[in-house]
**Student:** 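Shown below is the structure under consideration.
Just so it is clear, the model here is predicted, and its values are computed rather than measured.
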Amino acid sequence: MKSLSINPVLLKEAKVRMRGWKTPITIFIYNLVLMVVAYFILKAARGDSGAKSLFMIYAVISGIQFGLITLIAPTLTAGAISGEREKQTLDILLSTDMRYSSIILGKLSASLSQVILLIVSSIPILSLVFVFGGIGFLDIIKLGLFYLVIAITLGSAGIFFSTVFKKTTVSNVMSYVTIIFFYVVIFFISVAYISIYVMPEYVMNNQQYSGTFWLHYLNPGIAFISLMFDQLGENFRRIIPGLEVSSGGLQLWHINMIINLAVSAILIFLSSYKINPKNRRIKKKKVKKVNDSRKV
């Protein structure tokens with residue numbers, strides 16, 4: 001039987017990352033924060049019903065995890081290629097027999113393996129909700145898959161900027177600018193548009209706007225809220241103007257995951273294209289020809 005082959009970049013990066021204490025300490029601090037939050041929520045909701053305690057624990061811990069993954073994922077990948085440039089080892093890596101897409105996927109997988117470790121290690125804390133019922137194991141799986149897709153998308157963005165820019169600092173900055181745009185700017189644009197151009201017409205006709213504005217599908221934050229709607233019922237329904245969550249079928253967070261996976265595939269392809277030395281040479285030749293023609 002042919003042995004299972006592992007991406008060499010992933011294998012090398014995993015060995016390097018697991019040698020020190022950084023990864024275990026990160027996992028410990030991450031879960032410690034979640035445990036402290038869960039403890040204080042349980043203590044504050046001691047006199048409330050089990051359903052309310054369930055809602056608070058699951059929603060708050062899930063939101064904290066979502067925020068931490070959003071902040072961590074780009075940082076892990078923003079220096080994947082630019083870091084190799086800074087260490088002057090990128091040319092050595094490109095001179096191997098590996099395909100450029102394999103290099104990018106290996107770097108991405110190695111970086112996101114830490115995010116996966118964080119998600120898996122936090123499952124026992126999230127399993128506290130099983131005490132009260134209402135949230136099943138399938139819901140935890142859905143939440144984990146959503147986290148994974150978000151991590152892949154943000155990680156792909158980080159590694160793309162890492163191939164475009166030579167400095168890791170610039171790659172990090174551009175990654176977080178992208179996050180701010182999709183999480184914050186798109187949200188305020190959609191809310192402002194609905195409030196100014198859509199809602200007045202419905203108010204005049206004594207109707208309630210029950211659609212979903214198309215920009216909402218691009219916002220991972222709104223997709224996370226949609227997932228919470230799906231799992232927790234009516235608790236947060238219609239909080240965001242122009243957001244209506246259906247009770248069945250294809251929902252907003254499903255569509256957002258599909259869009260994110262498509263964007264990730266495009267970014268990985270562009271990253272593979274960008275690190276190809278042949279493409280850089282072709283670009284340099286074109287620039288040289290243009291400069292020569294101008295001189296003539």
Side-chain angles (χ1 to χ4, degrees), residues 5-17 69-119 145-183 186 218-220 223 256-287:
S5 60
I6 301 176
N7 188 300
V9 175
L10 171 59
L11 188 61
K12 178 255 182 185
E13 292 284 340
K15 287 180 178 179
V16 171
R17 291 175 187 271
I69 290 170
T70 299
L71 295 174
I72 291 171
T75 304
L76 295 175
T77 58
I81 302 300
S82 58
E84 295 286 348
R85 283 200 189 97
E86 291 170 354
K87 292 183 291 186
Q88 297 182 350
T89 55
L90 180 60
D91 291 335
I92 298 174
L93 183 62
L94 295 177
S95 64
T96 62
D97 294 334
M98 292 185 64
R99 292 178 297 178
Y100 304 116
S101 58
S102 298
I103 294 174
I104 295 296
L105 289 173
K107 288 284 187 181
L108 180 62
S109 302
S111 300
L112 295 183
S113 61
Q114 290 185 276
V115 178
I116 295 172
L117 277 175
L118 295 177
I119 295 172
L145 287 175
F146 180 78
Y147 286 156
L148 182 60
V149 171
I150 293 297
I152 290 172
T153 305
L154 297 178
S156 301
I159 209 166
F160 170 73
F161 289 122
S162 184
T163 60
V164 173
F165 301 103
K166 295 181 180 180
K167 297 293 182 181
T168 301
T169 305
V170 180
S171 303
N172 264 311
V173 170
M174 291 304 300
S175 298
Y176 286 110
V177 167
T178 303
I179 290 174
I180 291 171
F181 176 78
F182 280 97
Y183 280 71
I186 283 182
L218 305 178
N219 192 318
N256 180 261
M257 286 178 66
I258 294 171
I259 292 173
N260 284 339
L261 289 174
V263 170
S264 301
I266 294 171
L267 290 174
I268 291 171
F269 171 78
L270 292 175
S271 301
S272 305
Y273 178 85
K274 189 69 179 175
I275 66 169
N276 190 340
K278 293 181 180 178
N279 297 327
R280 285 185 288 178
R281 291 194 195 103
I282 292 171
K283 187 175 179 181
K284 287 180 180 178
K285 286 181 180 179
K286 288 182 178 179
V287 172

**Student:** How long is the straight-line distance from CZ of R85 back to CZ of F165, given to the nearest 0.5 Å?
**Tutor:**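 The CZ atom of R85 is 10.5 Å from CZ of F165, to the nearest 0.5 Å.
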**Student:** So how far is it from I104 CD1 to I268 CD1, rounded to the nearest 0.5 Å?
**Tutor:**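 The CD1 atom of I104 sits 8.5 Å away from the CD1 atom of I268.
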**Student:** Checking Q114 side chain against L76 main chain: does a donor-acceptor pair fall under 3.5 Å?
**Tutor:**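 No; judged by distance alone, with no hydrogens or angles, the pair does not exist.
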**Student:** Hey, could you give me the OG1/CD1 distance between T153 and I259, rounded to the nearest 0.5 Å?
**Tutor:**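 Here the interatomic distance stands at 10.5 Å.
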**Student:** With no hydrogens and no angle check, just 3.5 Å: does a side-chain donor-acceptor pair link Y176 and T75?
**Tutor:**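 There is such a pair (donor and acceptor under 3.5 Å, judged by atom type) between the side chains of Y176 and T75.
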**Student:** Verify side chain to side chain contact (heavy atoms under 4.5 Å, CB included) between N256 and I150, making sure each step is shown before the conclusion.
**Tutor:** CA-CA 9 Å; N256 180 261; I150 293 297; 4.2 Å; yes
**Student:** Heavy-atom distance under 4.5 Å between the side chains of L267 and I159, does that happen here?
**Tutor:**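 Side-chain contact under 4.5 Å: no.
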**Student:** Side chain of T77, backbone of G155: donor and acceptor closer than 3.5 Å?
**Tutor:**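 Flag set: sc T77 to bb G155 pair under 3.5 Å.
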**Student:** Quick one: does any side-chain atom of S111 pair with a main-chain N or O of L108 as donor and acceptor, under 3.5 Å?
**Tutor:**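 Answer holds: no.
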**Student:** Walk me through whether I69 and L118 qualify under side chain to side chain contact (heavy atoms under 4.5 Å, CB included).
**Tutor:** CA-CA 9 Å; I69 290 170; L118 295 177; over 6 Å; no
**Student:** Can a donor-acceptor pair be found, under 3.5 Å and without considering hydrogens, that links the side chain of T96 to the backbone of L93?
**Tutor:**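 Yes: the side chain of T96 pairs with the backbone of L93.
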**Student:** Just verifying a value: how many Å separate Q88 CD and L90 CG, rounded to the nearest 0.5 Å?
**Tutor:**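 It comes to 11.0 Å.
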**Student:** Between S162 and S171, is any side-chain donor less than 3.5 angstrom from a side-chain acceptor?
**Tutor:**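 On atom types as modelled, these side chains do not qualify, holding no pair under 3.5 Å.
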**Student:** Dump the intermediate steps for side chain to side chain contact (heavy atoms under 4.5 Å, CB included) on V164 and L270, then the final yes or no.
**Tutor:** CA-CA 10 Å; V164 173; L270 292 175; over 6 Å; no
